[in-house]
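What's counted below: heavy atoms across the whole structure, side chains too, no hydrogens, waters or symmetry copies. Throughout, a chain's letter reflects where its sequence line sits, starting with A, and its residues are numbered from 1.
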Protein chains: 2
Amino acid sequence: MIASPFIRKLEHFALLSTEDRRRIEALIGRATFLAPHEHFVRPGDDPRSVHILLDGWACRYKTLPDGRRQIVSLFLPGDMCDPYVFLLDAVDYAIGALTPCTVAKVPARSIRELTADRPHIAEALWWQTLVELDLQREKIVSLGRRNAKERIAHLFCEVLARLAAVGWSNGTDCDWPLTQADLADITGLSTVHVNRSLQEMRNDGLIELHNRHLVVRDHGGLRETAMFDTIHLHGLAAETPRTPTTEPG
Amino acid sequence: MIASPFIRKLEHFALLSTEDRRRIEALIGRATFLAPHEHFVRPGDDPRSVHILLDGWACRYKTLPDGRRQIVSLFLPGDMCDPYVFLLDAVDYAIGALTPCTVAKVPARSIRELTADRPHIAEALWWQTLVELDLQREKIVSLGRRNAKERIAHLFCEVLARLAAVGWSNGTDCDWPLTQADLADITGLSTVHVNRSLQEMRNDGLIELHNRHLVVRDHGGLRETAMFDTIHLHGLAAETPRTPTTEPG
DNA sequence: CGATAGGTTGAGTCGCATCAACCGGGGTGG
DNA sequence: CCACCCCGGTTGATGCGACTCAACCTATCG
């Protein structure tokens, strides 16, 4: 049960048999609980294990020598952080909790055994890795060529699609536990500017965002300002509702 | 022979036997030649094959609906573009030649057979994929939190390290076929600003860049302004010379 | 009830974009 | 052989988007 968001996500990528599912459940032994700002990976760590985020939001980030911080990945419930890191020697980023998190720590050996036995699962994990490559590319485009509102809009679209894929959102609203400072570190902006951009987006009638809850008021408008394209999610967005969008103009 | 830069790169990741090398050579049938601005992958393509760049520079890029363009990956001689794309359904980016290129097109099936027979090679390809993930993350940090000079400096460091890994540079100078417009599309800047930033970097005594040739004048200074860290290259930089840097100040 | 975290607002500044013109070199065609 | 063009690089003027600094407001919590 507890592994369900993770399994649900994998099933977007591969057909899993009952046995597959059983083996995945078995991966998850004791779960650990983390408070916001606690870490489960630190730069320099030798990756002898892999983490599955069962509940809560987390992020991977890098910090420059002078303190500037950039979040490079956002982890949502059901995400496995770096399925294959153990192929590498060391890691140059940190992964920390943004909200209270439930995390399962899986030894690299278990992953190796599982993927050796169960090619379907191996393929699903690789698929997931390829999707992450594509998510990152889209982030590069955002940071390189989109302005503040576009970046934020794009993030909203991405997160809603990803949450919908594991049944945590209907595609139009969701819990939004991130602070404006988190948002700034994701979008490469300052908190002040995030604040003002959000206000504009509210005034434009695109979204509502109060009390840690996000509601999309104008799907068409949001996607349009984000220039959001689901192709790069590669099936992750399969369950995203095809919303009858209200085209402006 | 013709596969050598590719093999050389793989050997950073895994020990290859003579048989391994033979099999890789055999992958490469006829090579195609491309002029700058010609494409070997287009958005929407169903990836039934994989490309190995034997000579020249190429890039993966995305174009926004309104024409803004962002280069998301730079391919150098010896790079395999997307070793495992064929796991996916379609592709949402373009790959095009920046200089005249020699490219080998390898059918997905050959890759599948090769990796099934030769686990060493499979692992080397996956390693390469993980390194690319890390390169992309570093790019996200650049675009999100580094300013113009820092971004350009970081790119120079990265490219020199990658070229050195396949024997195309000694780590302090190399051919630099990119135009300032290309540089702008990589760094998310305008060409005008790239131009002015380069001038400052020349004045700062960091680099020389004339006639499509790049020379690093001050290694320490360049790395410092780039805040460049080789960890994220994971062994790709193994052959990078440990240069006795001239620390300023 | 003070302390703290998160959000909001205003003023001033700067990095970078945009627009536009110009320069130099290499290739091309008459 | 020269006139021309085009591409890549350079320069200047101007404007805007986003940053910084700093204050203040509100809700939550021990």
Please list all pairs meeting salt bridge (Lys or Arg N to Asp or Glu O under 4.0 Å) that have one or both residues in residues 28-43 of chain B, counting only residues at least two apart or in different chains. none

Polar side-chain atom of Arg217(B) near backbone of Gly205(B) as donor-acceptor pair, under 3.5 Å: no

Using C1' atoms of five pairs at each end, report the bend of the helix from dC1(C)-dG30(D) to dG30(C)-dC1(D) rounded to 10 degrees. 30°

Determine, for Lys139(B) against Glu132(B), whether the closest basic-nitrogen to carboxylate-oxygen distance falls under 4.0 angstrom. no

Any residue meeting side chain to side chain contact (heavy atoms under 4.5 Å, CB included) with Pro177(B), in chain and number order, not counting sequence neighbours: Trp57(B), Thr99(B)

N/O to N/O distances under 3.5 Å, protein versus nucleotides 26-30 of chain D:
none

Pairs touching residues 71-81 of chain B that satisfy salt bridge (Lys or Arg N to Asp or Glu O under 4.0 Å), sequence neighbours left out: Lys9(B)-Asp79(B), Asp79(B)-Arg162(B)

Side chain to side chain contact (heavy atoms under 4.5 Å, CB included) partners of Asp175(A), counting only residues at least two apart: His213(A)

Do Met201(A) and Leu222(A) come close enough that some side-chain heavy atom pair is under 4.5 Å? yes

Distance, nearest 0.5 Å, that separates CG of Asp182(B) from SG of Cys59(B): 7.0 Å

For residues 133-165 of chain A, which residue pairs qualify under ring-ring contact (aromatic ring centres under 6.0 Å, His included), counting only residues two or more places apart or in two chains? His154(A)-Phe228(A), His154(A)-His232(A), Phe156(A)-Trp176(A)

Under 4.0 angstrom, heavy atoms only, what part of the nucleic acid is Arg202(A) near: base, sugar-phosphate, or nothing? sugar-phosphate

Here the residues of residues 61-76 of chain B within 4.0 Å heavy-atom distance, strictly under, of DNA chain D are none

Measuring to OP1 and OP2 of dT11(D), would you say a side-chain N or O of Gln199(B) lies under 4.0 angstrom away? yes

Rounded to the nearest Å, what distance is computed from the NZ atom of residue Lys149(A) to the C1' atom of nucleotide dA18(D)? 14 Å

Nucleotides bounding contact with chain B, strand DNA chain C, heavy-atom threshold 4.0 Å: dC16(C) to dC19(C)

Partners passing side chain to side chain contact (heavy atoms under 4.5 Å, CB included) against Asp82(A) (at least two apart in sequence or in another chain): Arg60(A), Val85(A), Tyr93(A), Ile95(A), Arg137(B)

Reported CG-to-CD1 distance for the pair Leu209(A) and Ile207(A), which is rounded to 0.5 angstrom: 5.5 Å

Using 0.5 Å steps for rounding, measure from the CG atom of Leu155(A) to the OG atom of Ser142(A). 8.0 Å

At under 4.0 Å between heavy atoms, what does Arg151(A) touch on the DNA or RNA strands: base, sugar-phosphate, or nothing? nothing

Might you point out which heavy atoms bring His219(A) and Gly171(A) nearest each other, and give the distance in Å? CE1-O, 3.1 Å

Can a salt bridge be assigned to the pair Arg145(B) and Glu150(B) using a cut-off of 4.0 Å between side-chain N and carboxylate O? no

CD/Gln136(B) to CG/Leu135(A) distance, rounded to the nearest 0.5 angstrom? 10.0 Å

Considering just the side-chain nitrogens and oxygens of Asn195(B), establish if one lies under 4.0 Å of OP1 or OP2 belonging to dT10(D). yes

Roughly, in whole Å, what's the span from NE2 in His37(B) to C1' in dC6(D)? 13 Å

Just the rounded figure in Å: distance from P of dA18(D) to CG of Leu198(A). 13 Å

Set of side chain to side chain contact (heavy atoms under 4.5 Å, CB included) partners for Asn203(A), sequence neighbours left out: none

Every protein N/O lying under 3.5 Å from an N/O of nucleotides 19-24 of chain D:
from: dC19(D); atom 1: OP1; to: Ser190(A); atom 2: N; distance (Å): 3.0
from: dC19(D); atom 1: OP2; to: Ser190(A); atom 2: N; distance (Å): 3.0
from: dC19(D); atom 1: OP2; to: Ser190(A); atom 2: OG; distance (Å): 2.8

